[in-house]
2 protein chains.
Amino acid sequence: MPELKIQHILTLSYLLSKGAKHNYVTITTSSLGKNIKKSQQSASKHLLELEQNQFIDRIISGRNISVKITSKGFSEMVKLSAILQKSLDSFPSHIELKGTLISGMGEGAYYMGLKGYTKQFKSKIGYIPFPGTLNVRLDQKIHQEAIKQFETLDGIKIKSFSDEKRTYGWVKCFPAKLNNSINCDLILLERTHHDNSVIELISKSCLRKTAKLKDGSKVTIKIPVNI
Amino acid sequence: MPELKIQHILTLSYLLSKGAKHNYVTITTSSLGKNIKKSQQSASKHLLELEQNQFIDRIISGRNISVKITSKGFSEMVKLSAILQKSLDSFPSHIELKGTLISGMGEGAYYMGLKGYTKQFKSKIGYIPFPGTLNVRLDQKIHQEAIKQFETLDGIKIKSFSDEKRTYGWVKCFPAKLNNSINCDLILLERTHHDNSVIELISKSCLRKTAKLKDGSKVTIKIPVNI
DNA sequence: ATTACTAGGCTCCGAGTAG
DNA sequence: TCTACTCGGAGCCTAGTAA
């Protein structure tokens, strides 16, 4: 059975948009060529081939050529469109990171415990984080690269604030799942002290205990992405 | 600006289905080749070209190759899918016929006036047709061909019936618009006395009068098609 | 003005193969 | 195993041109 050639997609698409599903539409090969950004000669060949493979019906009367898409041609287009559509819709809507638990400096714990942050955490993510963040080192390059996406994503924004001494930067939170089971939040700091290879997680309770983790444990983090 | 090559559609589609929108996915060129029905070599080339044109990001570590679709690549796919989708959805959902009014033999009027038919007309299309059908000759081949589609379409079915003499065949009705304004019905007879070049219309009132037509008048008939 | 043939070039593919 | 190079052949495109 003759398959629909990939280079004929645009031709069929154009014919379809001209109403060639139900009616014979009259066109010239040069206008078709313009529309599919090919030469008149190519357009002519396309029509000949499409007819040969029974994707279109062609009627020639005098200098006019009229074309109608067959049900076979139409269903091929539907099939193709469905494949595309599906691949666009059905990608997993989460980002997956893998890494190794490492011990932080305790800095995270200090900052996240500040009143200026905790008040916002309570109202915006619904809990006051357990004092102490979970640091995860992303071992593979692919995960270090993946984390970069969050810079452009919005998440839940914890605003910066100041006390008499200094200003504390904003924090972005992304609800996440640790090891496919435990709810937590990935946090991105405006002023971070480490590069893309380490991420920080916060949670209501002590993650090290609830997830039974210790330094060196391998962990998986999934963060849903609202497209 | 480098355009997305048409032959790369399937590759991108496959990567997308593997989740390469948000995450770097690790693949081999031979598995990709299998999936897009090309050779390993072609798959390799595809990835190289896609990377060159910034439709994907590629990370190579050791023998593994990880791939992620860029926002540019993604939007190209969305664009393409939208074009296809639109051309599939937006075709005019009616069949248009043009022809010339001719005088019938009066046969239509006789048959359609039979009780066995009129009773069904009343209940199924809501009126008893004016006695006398309007015959239209389809002058162009494209319209003669277009009419063939109705053989496979359902329409409103008027059943066959018998009296003591003979059996009268079924009739299919398709609601139509004459000259873009007057409601009527296209009828297709099981046993017709003419070929594809002539169609018959029925209406509540006398079409010749309401549409101010005489033999030789050019008419346009539009029949909606429920896809 | 058309459509569509031929000729030639350019692209794309895959077999062979190196690393 | 893997990626990706070269290269020959097949297929696609366009310029020129006939009808």
Side-chain angles (χ1 to χ4, degrees), chain A residues 1-15 18 20 24-69 73 76 80 140-142 145, chain B residues 1-15 18 20 24-69 73 76 80 140-142 145:
Chain A
M1 56 172 159
E3 277 237 346
L4 177 64
K5 291 190 188 171
I6 202 99
Q7 77 262 31
H8 288 151
I9 292 175
L10 291 176
T11 302
L12 278 186
S13 174
Y14 175 71
L15 293 178
K18 279 279 177 182
Y24 281 86
V25 295
T26 303
I27 50 160
T28 64
T29 53
S30 47
S31 77
L32 173 60
K34 246 178 215 161
N35 279 286
I36 61 171
K37 291 175 183 168
K38 296 277 150 63
S39 65
Q40 172 272 325
Q41 293 88 333
S42 292
S44 172
K45 202 131 190 284
H46 279 204
L47 292 179
L48 287 169
E49 287 176 5
L50 284 169
E51 186 190 28
Q52 254 172 37
N53 295 311
Q54 294 173 301
F55 294 121
I56 61 171
D57 286 335
R58 228 163 50 111
I59 296 178
I60 304 164
S61 34
R63 38 170 122 278
N64 288 318
I65 177 170
S66 297
V67 153
K68 183 174 163 300
I69 291 177
E76 281 294 314
L80 188 76
Q140 292 177 57
K141 186 120 192 282
I142 60 173
E145 290 294 325
Chain B
M1 54 171 161
E3 278 240 345
L4 177 63
K5 291 191 187 170
I6 202 97
Q7 77 262 32
H8 288 149
I9 292 176
L10 290 176
T11 302
L12 278 185
S13 174
Y14 175 71
L15 293 178
K18 279 279 177 181
Y24 281 86
V25 296
T26 304
I27 49 160
T28 65
T29 52
S30 47
S31 78
L32 172 60
K34 244 177 217 163
N35 278 287
I36 61 170
K37 290 174 185 169
K38 297 276 150 65
S39 66
Q40 173 271 324
Q41 293 88 333
S42 293
S44 172
K45 202 131 191 285
H46 278 205
L47 291 180
L48 288 169
E49 287 176 5
L50 284 169
E51 186 190 26
Q52 255 171 35
N53 296 311
Q54 295 173 301
F55 294 121
I56 62 171
D57 286 335
R58 227 163 51 112
I59 295 178
I60 303 163
S61 35
R63 38 170 121 278
N64 287 318
I65 178 171
S66 297
V67 153
K68 183 175 164 301
I69 292 178
E76 281 294 313
L80 188 75
Q140 293 177 56
K141 186 120 193 281
I142 60 173
E145 290 296 324

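Hydrogens, waters and symmetry mates are skipped; everything else that's a heavy atom, side chains included, is used. Chain A is the first sequence line, chain B the second, and so forth, proteins listed ahead of strands; every chain is numbered from 1.
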Give A/Ser42 one of three labels, base, sugar-phosphate or nothing, depending on what nucleic acid heavy atoms sit under 4.0 Å from its own.
base
Nearest whole angstrom, please: distance from the P of C/dA1 to the CD1 of A/Ile65.
18 Å
Name each donor-acceptor pair under 3.5 Å that joins a side chain in residues 43-56 of chain A to protein atoms two or more places apart or in another chain, with its distance.
residue, atom, partner, partner atom, Å
A/His46, ND1, A/Thr11, OG1, 2.8
A/Glu49, OE1, A/His8, NE2, 3.0
A/Glu51, OE1, A/Arg58, NE, 2.9
A/Glu51, OE1, A/Arg58, NH2, 3.3
A/Asn53, ND2, A/Glu49, O, 3.1

Please state how far atom CD in B/Glu51 lies from atom C1' in D/dT3, giving the value in whole angstrom units.
13 Å
Rounded to the nearest 0.5 angstrom, the CD-OG distance for B/Glu145 and A/Ser66 is 10.5 Å
Shortest non-hydrogen contact between A/Ser31 and A/Asn35, atoms and distance
O-ND2, 2.8 Å
Begin from the C-alpha positions of B/Leu32 and B/Val67 and carry the test side-chain contact (heavy atoms from CB on, under 4.5 Å) through to its verdict.
CA-CA 12 Å; B/Leu32 172 60; B/Val67 153; over 6 Å; no
Whole angstrom value for the distance that separates C1' of C/dC13 from CG of B/Leu48:
15 Å
Would you mind reading off the distance between B/Asn64 atom CG and D/dT1 atom C1', rounded to a whole angstrom?
11 Å
Of D/dA15, C/dG14, C/dT3, the nucleotide closest to the side chain of A/Gln41 is D/dA15
A/Leu32 CG - C/dA4 P separation (whole Å)
12 Å
Does B/Ile27 reach a base, just sugar-phosphate, or nothing at all? Heavy atoms under 4.0 Å.
sugar-phosphate
Test A/Ile69 against A/Leu12 for side-chain contact (heavy atoms from CB on, under 4.5 Å), laying out the working first.
CA-CA 8 Å; A/Ile69 291 177; A/Leu12 278 186; 4.0 Å; yes
Any A/Arg63 side-chain N or O less than 4.0 Å from OP1/OP2 of C/dA4
no
Tell me the closest heavy-atom pair linking A/Tyr14 and A/Ile36, and the distance in Å.
CB-CG2, 4.5 Å
Spatial distance of atom CD1 (A/Ile9) from atom CD (A/Glu76) [nearest 0.5 Å]
10.0 Å
Have a look at the helix from C/dT2-D/dA19 to C/dG19-D/dC2 and give the angle its two end axes make, five pairs each, rounded to 10 degrees.
30°
How close do A/Ile59 and B/Ile142 get, heavy atom to heavy atom, and via which atoms?
CD1-CA, 4.0 Å
Have a look at B/Ser44 and say if it touches a base, only the backbone sugar-phosphate, or nothing, with a 4.0 Å heavy-atom cut-off.
base
Count the heavy atoms of every other residue, nucleotide or ligand shown that sit under 6.0 Å from NZ of B/Lys68, and state whether that count exceeds 12.
yes
Distance in angstrom units between A/Ile60 CD1 and C/dA1 P, rounded:
20 Å
Starting at atom NZ of A/Lys37, determine the distance to atom C1' of D/dT14, rounded to an integer number of angstrom.
18 Å
Could you state the atom-to-atom distance from CD of A/Gln40 to P of C/dT2 in whole Å?
9 Å
Sub-3.5 Å pairs of nitrogen or oxygen atoms, protein against nucleotides 8-12 of chain C:
residue, atom, partner, partner atom, Å
C/dC12, OP1, B/Gln7, NE2, 2.7
C/dC12, OP2, B/Lys5, NZ, 3.1
C/dC12, O5', B/Gln7, NE2, 3.4

